[in-house]
Amino acid sequence: MKDTAIIVVDMLYDFIDGSMACLGADDAVANTLAFLKSHRDIPVIFVRDNHPANHSSFKEFGGIWPPHCVQGTHGAAIHKDLAPFADDEGLIFYKGENPAVEQYSGFEGRNEAGQGMGEVLRLMEIDNVLVCGIATEYCVRNTAEDLLKDGFKVTILMDCLAWVDADGHKKALAEMENEGIRLI
Ligand SMILES: [Zn+2]
């Protein structure tokens with residue numbers, strides 16, 4: 001599938017078993033690993049929440065979340081089973097690095113070279129994006145919607161998601177489907 005890429009959003013330890021552990025995260029990681037192993041021809045793009053220690057999304061600094069994914073900590077690292085697939089810095093997009101700005105969307109992230117996700121996907125001649133990750137209601141949803149708005153065909157891998165709240169997860173999936181995002 002030459003024109004297809006998979007985007008793995010925030011499969012980072014703080015969202016899996018850390019300060020913001022999400023529901024379904026272990027299954028999401030295992031199912032994502034299985035998917036990547038069986039689709040080795042599809043380029044894999046990673047999104048990483050990567051905050052300075054004083055980020056404004058943290059409760060202590062006026063936000064709504066516990067501290068998480070602080071730059072350089074274990075909690076900010078990609079799960080070890082998936083990390084071998086993250087071997088190209090050009091395909092890893094970091095977000096939330098500005099202390100003053102909340103960024104749920106991986107589409108707003110930048111790679112090490114400072115490129116945006118849309119720019120890189122276009123250089124790769126990608127039309128279809130498969131999106132999975134954590135959490136459905138926040139970073140997955142915002143990433144998927146931004147990709148759709150930018151003209152990509154977006155498909156969510158439902159077995160490869162984790163969520164903050166079960167009802168919020170279901171509602172987000174239904175709303176994304178209404179917007180034209182495919183669920184498989
Ligand atoms: Zn964050």
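Sequence positions, counted from 1, serve as the residue numbers for this chain. Both ligands and their constituent atoms are indexed starting at 1 by order of listing. Just so we're clear, the structure is a prediction, and the values are computed from it rather than from any experiment.
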Open item on the list: Assess, by modelled atom type and distance only, whether the side chains of Tyr94 and Glu89 contain a donor and an acceptor separated by less than 3.5 Å.
Closed with: yes
- [ ] Heavy atoms only: give me the nearest Asp49-Phe15 pair and the separation to one decimal.
- [x] OD2-CZ, 3.5 Å
Open item on the list: Parallel, tilted or perpendicular, judged at 30° and 60°: which one describes the rings of His39 and Phe35?
Closed with: parallel
Task: Under-4.0 Å salt bridge between Glu175 and Arg141 - done: yes
Open item on the list: Between Asp150 and Arg122 (salt bridge meaning N to carboxylate O under 4.0 Å), is one present in this structure?
Closed with: yes
Open item on the list: For Gln115 versus Leu123, what's the shortest heavy-atom pair and its separation?
Closed with: NE2-CD1, 3.7 Å
Task: Proximal protein heteroatoms (N, O or S) of the Zn ion (ligand 1), under 2.8 Å - done: Asp49 OD2, His51 NE2, His68 NE2
